[in-house]
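Remarks on the structure that follows.
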Amino acid sequence: MPDDGMSDVQASSRAPAQIALPFAYRPRFGRSDFVAAPSNAAARAWVLDAEAQWRWPEGRMVLWGDEGTGKTHLLSIWAARHGAPVVEGSLLNAHDVAALFEEGGFRALALDNADRVQNERDLLHLINLVREQRMVLLMAARTPPARWQGILPDLASRVRATSSVPIGQAEEALLRRLFLRLLAERQIVVAQPVTEWLLRRLPRTARAIRDIAERLDHAALASGGKITRALASTILEDAQHERDRADDL
């Protein structure tokens, strides 16, 4: 065997450390992936029922709830069923709206993060166009329309005339199913005893569950292996410290 002058120890010391690669996680928003529960029963009735949208006053509905409760998932299911484009509210602008309607070919429209639209006039323009074209519009937001900040009288009147349905905080059974689904989607290897240990200690909100799943994913990539109880404990502690610092601000 040829000798290149490098010992095994030297070769090992020069080997690059394993790093976490930023593989994009894409959640599954199919109908079969949505977890039904009492907390989202009203929203499902108003959004997923085939005839419900024809009972929306003014042809508009706002689906609202805390982050991680499934608003975007329901919005995506509805959009796929009706062939509706999905517009991101934080990126909404008059130019893109005009281009979208010029292209046409749809009778329904979905607006995610409607309460994060940067310019009120863009939202008013979108609602007016949908109304003129006799389309239906489903919007998702973190808060009910009555709490949206706005100063344009026309927009305020349109918002007041829009029906809304909330998604409540997830129940224990739903949180468990959500956590297990997120682990499976991200292909994170966690032994059952560690999974059960985590489930007993996880914060009881869907938003926190999603945050922990993302942290576990990054930790698994960085460590190159499965999640141990010691690693899980560190992740939970780090997440709690960040929440405490945020509360202190």
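Atoms considered below: every heavy atom in the structure, side chains included; atoms not considered: hydrogens, waters and symmetry mates.
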| query | Under 3.5 Å, is there a donor-acceptor pair between the side chain of D49 and the main chain of A52? | reply | yes
| remark: So CG of L180 and CG of L175: to nearest 0.5 Å the spacing works out to 11.0 Å
| note | d(E196 CD, R201 CZ) to nearest 0.5 Å is 11.0 Å
| message | Between T162 and R60, does the side chain to side chain donor-acceptor pair (under 3.5 Å) criterion hold? Intermediate values first, please. | response | CA-CA 6 Å; T162 303; R60 298 190 299 272; 2.9 Å; yes
| Is there a donor-acceptor pair under 3.5 Å between the side chain of R44 and the backbone N or O of A37? | yes
| field | Taking every non-hydrogen atom, the tightest pair across L174 and S39 | value | CD2-OG, 3.6 Å
| task | Hey, could you give me the OG1/CD1 distance between T195 and I227, rounded to the nearest 0.5 Å? | result | 10.0 Å
| Flag side-chain contact, heavy atom, 4.5 Å: L109 against L129 | no
| Taking a hydrophobic cluster as the set of Ile, Leu, Val, Met, Phe, Trp and Tyr residues connected by side-chain heavy atoms closer than 4.5 Å, whether directly or through intermediates, do F179 and V190 fall within one such cluster? | yes
| L138-V62 co-clustered via ILVMFWY side chain contacts under 4.5 Å | no
| said: side chain to side chain contact (heavy atoms under 4.5 Å, CB included), that's the test. Do V117 and L126 meet it? Break it down for me. | reply: CA-CA 11 Å; V117 173; L126 177 68; over 6 Å; no
| query | Salt bridge or not for R131 and E58, using N-O below 4.0 Å? | reply | yes
| said: Are L92 and R116 packed together at the side-chain level, in the sense that at least one heavy-atom pair is separated by less than 4.5 angstrom? | reply: no
| request: Give a yes or no on whether R134 atom CZ has more than 12 heavy-atom contacts from other residues, nucleotides or ligands under 6.0 Å away. | output: no
| request: Write down the atom of P166, the atom of A43, and the distance for their closest heavy-atom approach. | output: O-CB, 4.0 Å
| message | Would V97 and D122 count as a side chain to side chain contact (heavy atoms under 4.5 Å, CB included) here? Give the steps. | response | CA-CA 8 Å; V97 168; D122 292 336; 5.8 Å; no
| Is W148 reaching over with its side chain to a backbone N or O of T143, donor-acceptor style, under 3.5 angstrom? | yes
| Does K71 use its side chain to pair, donor to acceptor, with the backbone of G65 at less than 3.5 Å? | yes
| field | Cluster overlap V87 with V159, hydrophobic side-chain contacts below 4.5 Å | value | yes
| said: Nearest 0.5 Å, please: how far is CZ in R158 from CG in L137? | reply: 12.5 Å
| field | Side chain proximity check, D115 to W64, heavy atoms < 4.5 angstrom | value | no
| query | Side-chain contact, heavy-atom cut-off 4.5 Å: Q53 with R81? | reply | no
| said: Could you report the tightest heavy-atom contact between V47 and W78, atom names first, then the distance? | reply: O-CD1, 3.2 Å
| Are I209 and L216 connected in a single hydrophobic cluster, I mean Ile/Leu/Val/Met/Phe/Trp/Tyr linked by side-chain heavy atoms less than 4.5 Å apart? | yes
| Under 3.5 Å: donor-acceptor pair, side chain of R207, backbone of D66 | no
| query | Are L63 and M61 connected in the hydrophobic side-chain network, where two residues link if heavy atoms are under 4.5 Å apart? | reply | yes
| said: Using a 6.0 Å cut-off, check whether atom CZ of R177 has over 12 heavy atoms from anything other than its own residue. | reply: no
| Would you call E171 and R176 a salt bridge, taking side-chain N to carboxylate O under 4.0 Å as the test? | no
| field | Sidechain-backbone polar pair: N113 side chain, T72 backbone, donor-acceptor under 3.5 Å | value | no
| said: Please determine whether side chain to side chain contact (heavy atoms under 4.5 Å, CB included) holds for the pair N119 and N93, giving the CA-CA distance in whole Å, both sets of side-chain angles, and the decisive distance to 0.1 Å. | reply: CA-CA 8 Å; N119 189 317; N93 64 79; over 6 Å; no
| field | Donor-acceptor contact present, side-chain D112 to main-chain E88, <3.5 Å | value | no
| said: Show the nearest heavy-atom pair for residues Q118 and S90, with the distance to one decimal. | reply: CG-O, 3.7 Å
| In Å and rounded to the nearest 0.5 Å, what is the CZ to NE2 distance from F101 to H125? | 8.0 Å
| Verdict with reasoning, R210 to E214, per salt bridge (charged side-chain N to carboxylate O under 4.0 Å, His left out) | CA-CA 6 Å; R210 292 181 184 278; E214 182 177 358; over 6 Å; no
| query | What are the two closest non-hydrogen atoms of T69 and I167, and how far apart are they? | reply | O-CG2, 3.5 Å
| query | For the side chain of W56 and the backbone of W46, is there at least one donor-acceptor N/O pair under 3.5 Å apart? | reply | yes
| task | Quick one: closest heavy-atom pair of A208 and P203, and the distance? | result | CB-CB, 3.4 Å
| task | Supply the atom-to-atom distance D211 CG to I235 CD1, rounded to the nearest 0.5 angstrom. | result | 10.5 Å
| said: Quick one, T228 with V194, criterion side chain to side chain contact (heavy atoms under 4.5 Å, CB included). Give me CA distance, side-chain angles, the key distance, then yes/no. | reply: CA-CA 7 Å; T228 64; V194 179; 5.9 Å; no
| message | Determine whether a donor-acceptor pair (N or O, by modelled atom type, separation under 3.5 Å) exists between the side chain of R204 and the backbone of L202. | response | yes
| message | Any side-chain to backbone donor/acceptor pair from E120 onto L152? Under 3.5 Å, distance only. | response | yes
